[in-house]
Amino acid sequence: MLDKTYDPTQFESGLYKFWLSHGYFTPKAEIGKPYFSMVTPPPNITGQLHIGHGLDNAIQDTLVRFKRMQGYNTLWLPGTDHASIATEVKIVEQLKKEGIDKHDLGREEFLRRAWQWKEKYGGRIVEQLQKLGSSCDWSRLSFTMDEKCSKAVRRTFVSLYNKGLIYRGDRIINWCPVCNTALSDAEVEYSEQDGYFWHYGYTTPDGSTTVTFATTRPETMLGDTAIAVNPNDDRYRHLVGKTVIVPFVNREIPVIADEYVDMQFGTGVVKITPAHDPNDFEVGRRHNLPVIRVMNDDGTMNENAGEFAGLDRYEARKRIVERLKEMGILQKVEPHKHNVGSCYRCHTTVEPIVSKQWFVKMQPLAQPAIDAVKRGEVVFHPERFEKTYLNWMENIRDWCISRQLWWGHRIPVWYCDDCGAEICAETDPDVCPKCGSKHIHQDEDVLDTWFSSALWPFSTLGFFNGSDDFKAFFPTSVLSCGYDIIFFWVARMIFSSLYATGQVPFKHVLMHGIVRDEQGRKMSKSLGNGVDPVEFIDKYGTDTLRFALINGVANGSDIRFAPDKVEGTRNFMNKIWNASRFVLMNCQDKPLKPIGECKLSLADKWILTRLNATVRSITELLDKFELGMAAQCLFDFVWSEFCDWYIELVKPVLYGTDEQARCDTLSVLVYVLDAMLKLLHPFTPCITEQIYQNLPGHGESIMIQRYPTVNDALNFADDCNLVEELKELIAKVRNIRSEYGVAPSKRIRLYVNATDRRIRECDLYLCKLCGLEQAVFGEAPAGDKTVQAVCSAATCQVPLGDLVDKDKEIERLTKELDNVNNEIARANGKLSNAGFLSKAPQNLVDAEKAKLAKYTELQAQLQARLDELK
RNA sequence: GGAGGCAUAGCUCAGUCGGUUAGAGCGCUCGCUUCACAUGCGAGAGGUCGUAGGUUCGAGUCCUACUGUCUCUACCA
């Protein structure tokens, strides 16, 4: 029997262990069997579980449990990400506290520490994920640096290298002076900041002409190697080919003409610093300009900066501006807002710097990935994200994949110190294959974390190991993640998979939004507005968390996580619990019948029909990945139909004396509860299992039961309609009672004039739900003062004696008549419209006619009653 | 600069292929300790679906423009 109060902490973790110990999460790799598979976005091993993981896992687990119950061979593969830069930053911080510098420690010892970190925190995040109830197959738990993933990385790198799709070269990259590494474009975040425009100029050697420009970064002037103007600019045409002098470094640089310069902007003159600006770099290439770096990796000025060497970049900027002022060169300073890029990990302003790095050539890889999506081989949900994806892919630039870090996949390239050969190999070479020299050394850099993440769907399934998992579960069915990692991850998985396996990695991409706080702000450590899912689960249970994150939320839209909603969801769990308790209390030790052998009451037929409708829509919605709507639909069925109406309708039978009817009704109650729990199970796995285990005749676990399907033998459309009419009638009577202030405890009499004789079978329902002492079928005695309830199933009279107030009654009925008249006018309008009659579908025309007939009838009744009163 | 989203009840949001009297939760008002649940029950108030046009027999839904707002993306010195 269920405890009196719903307390998820009593059973959630125990149930999880129960599922694990039975191996329900671990499928066999059966090639050719219909499957459903997903890989989970691997959380960083630096991490604490956050609410975003909660959402991510709730969505995925719901889908996985649904498909598993439908009989698919279902795999949900979990894992963790080594998170190269993020983890390295954390470890460096940790070392700093111990007063140790990473370089003093040395690479090997550093990596030993990193693996220690991984063992400690990688395990913790797995434990936390398990609290969410996720039915992942932990026996297949993967790590981006484990053997099979590392193999995938090496093989893919070598293959791309051999095809010329990976190259090394000097390019402008985004450099983080704090993390001390290059970053990819995707790893830079831009934000608008207040800065200045410094206007000054360079003068020709003869001192005759000064060419004025504006810059936001004056310190880069030390690396200027040209001044550029637009070739069509008449103002400066005469200067092209002349030279000017860069102050401080006294370099003589040419004035060049290049289309890149916008004549309309500023003075129409640009100083060109090829080593520190991506556009200038391109200009420099076109004009064969020298590339002079003036900054060190740590953000200080280098020896090329002359008198400013050694200064921090911002200090140098200040000093240069001061000196320009002193020298009378500075012409004006104006405030200027501009976008500044910062490192997505440490938020330091990044510096565009020319540097030798490894790149993936994107054009040839992007094209097939664009085509596959356009052909519909990968479908985005909601579809608008396809545009986001295509927009990025179609404008993609080469991907900088080398990082000046230690923690990660080391670039599998060696250099021969003797002959200078560059060797890219899957297995570590001992000697130079070209000259046989033993003096070779490996590239110092590691790969961007996302390089290994990009291979995740097939590396984890053992594509490079010829694994059955790959044959049985690839391509995966659905990928679910937040829209914020479309570029980082989704796009890169698509092109990587097409390249490596020739197949798309997944057929559907299900995007969700960001979980925000009550005021719509992003949750963050600095704001302290985050919800800790672990704490939350300890308080409310994982079912509440999951349902609150999913219920009524549209795909791809951000979620405000408000305490109100949590409470409401907890109340829903409580509702499920208590409704189940009600059923179980009543059927204890009582015999039950198979549903097919029961004599079904009107209420039974109604709920069974409604159950079918619910099963149908939920299944359709889940098939379309509309989890939010499916949850909403279940919420309504459980609360508004099963609890509010069916349980109430059934009480007279349960508390009555007809043993036979009782047994039948109990059987239906249990049947519907069982189906309801199964429908709920993918969303709220724990509470449903806990209740299921108390159901008479339950199986081993609810999670391996078959998902409900529509049972056509249990559809009773007519009876269902009748009950809907009955509900309307009951609501009307309740309304009258409430309006007239009849105490709820007061038993009254009701006179019912029903057109449908089956209403006569409903007196038990009417008595219970309208608080009647008796339902009388027929007219009220002539002298009785009554209030009239007019509805489609019947016209009722509620004898309220002296409470009846003629004016109030006229007012009430007039209002109702107005409504009815409006509806009649609307229906007439439609039906007198030739276009509607000829073009609208027939069923709608028929429905409109039926509506007109119904309201005309109601109109007559209401009018008659009003006439009587007046 | 480019792309996209959002604008519906006091608040937070659903609303699928264009087709019932536009819904839910919370809040609010009134009444209830009715034997599953006061984490509850019943009743009620509350909406010109951002503005202006257009398409259509029919528009919250599709199109155009506008206003407000948010996000992504680019990085004009």
For this session: Using heavy atoms and a sub-4.0 Å distance, could you list which residues of residues 727-740 of chain A are near RNA chain B? By number, please.
Result: A:Arg734, A:Asn735, A:Ser738
Exercise. Heavy atom of residues 643-652 of chain A under 4.0 Å from RNA chain B: which residues?
Worked result: A:Cys643, A:Asp644, A:Ile647, A:Glu648, A:Lys651
For this session: May I ask you to evaluate whether A:Arg397 reaches the phosphate of B:C75, defined as a side-chain N or O under 4.0 Å from OP1 or OP2?
Result: yes
Exercise. Does B:C17 have OP1 or OP2 sitting under 4.0 Å from an N or O in the side chain of A:Lys624?
Worked result: no
Taking atom [atom1] of [X] as the centre, report whether more than 12 heavy atoms of other residues, nucleotides or ligands fall under 6.0 Å from it.
X: A:Lys590; atom1: NZ; answer: yes
X: A:Tyr540; atom1: OH; answer: yes
X: A:Lys808; atom1: NZ; answer: yes

Looking for any heavy atom pair under 4.0 Å, which part of the strands does [X] touch: base, sugar-phosphate only, or nothing?
X: A:Arg747; answer: nothing
X: A:Ser557; answer: sugar-phosphate
X: A:Phe265; answer: base
X: A:Asn339; answer: base
X: A:Lys815; answer: sugar-phosphate
X: A:Ile272; answer: nothing

For this session: Report yes if the distance between the aromatic ring centroids of A:Phe572 and A:Phe683 is under 6.0 Å, otherwise no.
Result: no
Give me the distance, rounded to whole Å, that separates [N] from [M] when you measure between the [atom1] atoms they each carry.
N: B:U12; M: B:C70; atom1: P; value: 14 Å
N: B:A22; M: B:A9; atom1: P; value: 14 Å
N: B:U51; M: B:U67; atom1: P; value: 15 Å
N: B:C26; M: B:G50; atom1: C1'; value: 24 Å
N: B:G18; M: B:G60; atom1: C1'; value: 10 Å
N: B:C63; M: B:C75; atom1: C1'; value: 34 Å
N: B:U69; M: B:U8; atom1: C1'; value: 16 Å
N: B:A24; M: B:A65; atom1: C1'; value: 33 Å

Exercise. Please walk me through it: do A:Glu394 and A:Lys374 pass salt bridge (Lys or Arg N to Asp or Glu O under 4.0 Å)?
Worked result: CA-CA 12 Å; A:Glu394 282 164 356; A:Lys374 282 189 174 166; 3.2 Å; yes
Protein-nucleotides 22-27 of chain B N/O pairs closer than 3.5 Å?
{"from": "B:C26", "atom 1": "O2'", "to": "A:Asp564", "atom 2": "OD2", "distance (Å)": "2.7"}

Let's see if you can work this out: which of [options] has an atom nearest to the side-chain heavy atoms of [X]?
X: A:Ala554; options: B:G4, B:A36, B:A14; value: B:A14
X: A:Phe487; options: B:U12, B:U39, B:C72; value: B:C72
X: A:Lys830; options: B:A77, B:U21, B:U16; value: B:U21
X: A:Pro744; options: B:A77, B:A36, B:C32; value: B:C32
X: A:Lys851; options: B:A14, B:U21, B:A36; value: B:U21
X: A:Lys575; options: B:G19, B:G40, B:G4; value: B:G40
X: A:Met629; options: B:A14, B:A77, B:G5; value: B:A14

For this session: Check RNA chain B for consecutive Watson-Crick or G-U pairs with both distances under 3.5 Å and list the runs of at least three as stems.
Result: B:1-7 with B:67-73, B:10-13 with B:23-26, B:28-32 with B:40-44, B:50-54 with B:62-66
Could you name each residue pair satisfying salt bridge (Lys or Arg N to Asp or Glu O under 4.0 Å) that touches [range], not counting sequence neighbours?
range: residues 268-282 of chain A; result: A:Arg217-A:Asp277, A:Asp224-A:Lys271
range: residues 624-641 of chain A; result: A:Arg610-A:Glu641
range: residues 544-566 of chain A; result: A:Asp61-A:Arg546, A:Arg516-A:Asp558

Exercise. With sequence neighbours excluded, what pairs up with A:Glu383 under the side-chain contact (heavy atoms from CB on, under 4.5 Å) test?
Worked result: none
Problem set entry | Results of side-chain contact (heavy atoms from CB on, under 4.5 Å) for A:Cys770 - residues two or more places apart only | A:Ile730, A:Val733, A:Leu766, A:Leu772
Round to a whole Å and report the spacing from [atom1] of [X] to [atom2] of [N].
X: A:Leu390; N: B:U73; atom1: CG; atom2: C1'; value: 14 Å
X: A:Leu549; N: B:U12; atom1: CG; atom2: C1'; value: 15 Å
X: A:Glu189; N: B:U71; atom1: CD; atom2: C1'; value: 13 Å
X: A:Leu769; N: B:A43; atom1: CG; atom2: P; value: 10 Å

For this session: Can you sort out the partners of A:Tyr389 under ring pair (Phe, Tyr, Trp, His ring centres under 6.0 Å), two or more places apart, ordered by chain and number?
Result: A:Phe380
For this session: Using the closest heavy atom to pick a nucleotide of RNA chain B for each, name whichever of A:Ile559 or A:Leu837 lands nearer the 5' end.
Result: A:Ile559
Seminar exercise, completed: By salt bridge (charged side-chain N to carboxylate O under 4.0 Å, His left out), A:Asp818 pairs with (sequence neighbours left out) none
Which pairs of donor and acceptor atoms, one on a side chain in residues 332-339 of chain A, lie under 3.5 Å apart (sequence neighbours left out)?
{"from": "A:Glu334", "atom 1": "OE2", "to": "A:His199", "atom 2": "NE2", "distance (Å)": "3.2"}
{"from": "A:Lys337", "atom 1": "NZ", "to": "A:Asp194", "atom 2": "OD1", "distance (Å)": "2.8"}
{"from": "A:Asn339", "atom 1": "OD1", "to": "A:Glu192", "atom 2": "N", "distance (Å)": "3.1"}

Exercise. So, for A:Pro278 and A:Pro352, which heavy atoms are closest and what is the spacing to 0.1 Å?
Worked result: CD-CB, 4.0 Å
Exercise. For B:C72, does the glycosidic angle fall within 90° of 0 (syn) or outside that (anti)?
Worked result: anti
For this session: List the steps, then state whether salt bridge (Lys or Arg N to Asp or Glu O under 4.0 Å) holds for A:Lys815 with A:Glu811.
Result: CA-CA 6 Å; A:Lys815 201 173 143 197; A:Glu811 191 190 331; over 6 Å; no
Exercise. With a 4.0 Å cut-off, would you call A:Lys851 and A:Glu848 a salt bridge?
Worked result: yes
